[in-house]
Amino acid sequence: MNKLEELFRGKAKSVYNTDEADRLILLFRDDTSAFDGKKIEQLDRKGMVNNKFNAFVMEKLEAAGIATHFDSLISDQESVVKRLEMFPIECVVRNITAGSICRRLGVEEGKDLNPPTFEFFLKNDDLGDPMINEYHIQSFGWAEAEHVEKMKQLTFEVNNVLKDLFLEGDMLLVDYKLEFGLYKGEVILGDEFTPDGCRLWDKETRKKLDKDRFRQGLGGVIEAYEEVGKRIGVEF
Ligand code: ADP
Ligand code: UDP
């Protein structure tokens, strides 16, 4: 397979066309951003760590029967994926309160949510990724009703698989964001699952091991990502 021109440069990854029409190459860069791109820094080794972390998690999800776009790792910072028609939507599940839900609802961080809660956000940095609901998705035509149902179902299935995976490494999966797309008419998981798009806390100390270390200037960001990876069996 040959890498062709850059199709899209996102905040943390670049997407390339390939000579296979239904395959893309994702390049995980060292760029790290927060606050809808307002805080950006380069973190040494981040692209490699996230690429390998993502490959490991996507393979676990596939093994559990969840269809993903992941095809193969082709270098330290690159993976081949299926080309999806992405929905402009972020699906978030929360097991414990943290981040925006605390600000929006005035609740304290660290409260268990039973059952876990679900939120949709519109992927639009200029608008600060506003929260939306299923009626908005229908009215504005961002996805069809059956695809919305499928995204919700898959996002909760991911929770069942990954809560246990991280618990085996003595970590709590606090919340996470997923993005989906259509491949040959089927809704499948796209984008990435890394500590950039989820919150993970040490089970005993509740130390933050995810991108909140970057958002909050706590330091040791990549060291934490690597620790999480090693605890679940990723080889860097
Ligand atoms: P952002 O768009 O938030 O800046 P990234 O830097 O991660 O994020 O950019 C990667 C882009 O690639 C995202 O817009 C994402 O929706 C898109 N993408 C991820 N996986 C696929 C895929 N399999 N097919 C097409 N686009 C994808
Ligand atoms: N998230 C993400 N990309 C976004 C917004 C959120 O990956 O554009 C992730 C975030 O890392 C967290 C979860 O989604 O794991 C919930 O994020 P929240 O709504 O709390 O927003 P935040 O306060 O993190 O901006």
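Counting starts at 1 for both ligands and their atoms, in listed order.
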For [atom], what's the nearest protein heavy-atom neighbour? Residue, atom name and distance, please.
{"atom": "atom 14 (O) of ligand 1", "answer": "F8 CE2, 3.5 Å"}
{"atom": "atom 16 (O) of ligand 1", "answer": "E179 OE1, 2.8 Å"}
{"atom": "atom 24 (N) of ligand 1", "answer": "L84 N, 3.0 Å"}
{"atom": "atom 13 (C) of ligand 1", "answer": "D191 OD1, 4.0 Å"}
{"atom": "atom 9 (O) of ligand 1", "answer": "G10 CA, 3.6 Å"}
{"atom": "atom 2 (O) of ligand 1", "answer": "K123 NZ, 3.1 Å"}
{"atom": "atom 12 (O) of ligand 1", "answer": "V15 CG2, 3.4 Å"}
{"atom": "atom 21 (C) of ligand 1", "answer": "M86 SD, 3.7 Å"}

Inset, instruction - Indicate yes or no: does D31 engage K46 in a salt bridge with an N to O separation below 4.0 Å. - result: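 Not counted as a salt bridge, because no side-chain N and carboxylate O are separated by less than 4.0 Å.
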Inset, instruction - Flag the pair R199 and D212 as a salt bridge only when some basic side-chain nitrogen lies within less than 4.0 angstrom of an acidic carboxylate oxygen. - result: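 Salt bridge: yes.
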Could you see which bit of [X] sits under 4.0 Å from ligand 1, with heavy atoms only: side chain, backbone, both or neither?
{"X": "D125", "answer": "neither"}
{"X": "R9", "answer": "neither"}
{"X": "V81", "answer": "side chain"}

Legend entry - From K13, R23, R83 - option closest to atom 5 (P) of ligand 1 by heavy atom: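 The option holding the nearest heavy atom is K13.
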Inset, instruction - Using heavy-atom distances, let me know which of K11, R29, H69 sits nearest atom 23 (N) of ligand 1. - result: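 Going through K11, R29, H69 one by one, H69 has the nearest heavy atom to atom 23 (N) of ligand 1.
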Legend entry - Under 3.5 Å donor-acceptor, R23 side chain and V81 backbone: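 Looks like no, no N/O pair under 3.5 Å.
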Inset, instruction - Using the test side chain to side chain donor-acceptor pair (under 3.5 Å), find all partners of T205 that sit at least two apart in sequence or belong to another chain. - result: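 Testing T205 for side chain to side chain donor-acceptor pair (under 3.5 Å), a comparison that skips the adjacent residues, returns D202.
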Inset, instruction - Would you indicate whether Q42, at its atom CD, is surrounded by more than 12 heavy atoms from other residues, nucleotides or ligands within a distance under 6.0 Å? - result: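 More than 12 heavy atoms, drawn from other residues, nucleotides or ligands, come within 6.0 Å of this atom.
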May I have a table of the N/O to N/O pairs between ligand 2 and the protein that fall below 3.5 Å, each row giving the two atom names and the distance to 0.1 Å?
unit_1, atom_1, unit_2, atom_2, d
ligand 2, 8 (O), E90, OE1, 3.4
ligand 2, 8 (O), E90, OE2, 3.3
ligand 2, 8 (O), D129, OD2, 2.9
ligand 2, 11 (O), R215, NH2, 2.8
ligand 2, 15 (O), D175, OD1, 2.6
ligand 2, 19 (O), R94, NH2, 2.6
ligand 2, 19 (O), S100, OG, 2.5
ligand 2, 20 (O), R94, NH1, 3.2
ligand 2, 20 (O), R94, NH2, 3.4
ligand 2, 20 (O), S100, N, 2.8
ligand 2, 20 (O), S100, OG, 3.4
ligand 2, 20 (O), R199, NH1, 3.0
ligand 2, 23 (O), S100, N, 3.2
ligand 2, 23 (O), R103, NH2, 3.1
ligand 2, 23 (O), R199, NH2, 3.4
ligand 2, 24 (O), R199, NH2, 2.8
ligand 2, 24 (O), R215, NH2, 3.4

Legend entry - Pairing residues for R104 by the side chain to side chain contact (heavy atoms under 4.5 Å, CB included) criterion, not counting sequence neighbours: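 Side chain to side chain contact (heavy atoms under 4.5 Å, CB included) list for R104, sorted by chain: R94, S100, I101, E119, F121, M131.
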Legend entry - Under 3.5 Å side-chain donor-acceptor pair for N95 and Y176: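 Note: N95 and Y176 side chains miss the donor-acceptor criterion.
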Inset, instruction - Quick one: which residue pairs count as a salt bridge (charged side-chain N to carboxylate O under 4.0 Å, His left out) with a foot in residues 133-146, not counting sequence neighbours? - result: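 Checked against salt bridge (charged side-chain N to carboxylate O under 4.0 Å, His left out) - neighbours excluded - the pairs reaching residues 133-146 are E134-K152.
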Inset, instruction - Looking only at non-hydrogen atoms, find the nearest pair between N17 and E5 and report the distance. - result: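 In this case the closest contact between N17 and E5 is ND2-OE2, 2.7 Å.
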Legend entry - Shortest non-hydrogen contact from D36 toward K11: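 D36 and K11 have their closest heavy atoms at C-CD, 4.5 Å.
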Legend entry - Contact atoms of ligand 1, heavy-atom distance to L24 under 4.0 Å: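 Going through ligand 1 atom by atom, the ones under 4.0 Å from L24 are 24 (N), 25 (C).
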Inset, instruction - Consider only side-chain heavy atoms of I, L, V, M, F, W and Y, link residues closer than 4.5 Å, and tell whether L84 and F120 are in one cluster. - result: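 Per the 4.5 Å side-chain linkage, L84 and F120 are not co-clustered.
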Legend entry - Interatomic spacing from NZ in K208 to CZ in R215 - rounded to 0.5 Å: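 Spacing of NZ (K208) from CZ (R215) equals 10.0 Å.
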Inset, instruction - Might you work through the side-chain contact (heavy atoms from CB on, under 4.5 Å) test for T18 and V80, ending with a clear yes or no? - result: CA-CA 9 Å; T18 72; V80 175; 5.8 Å; no
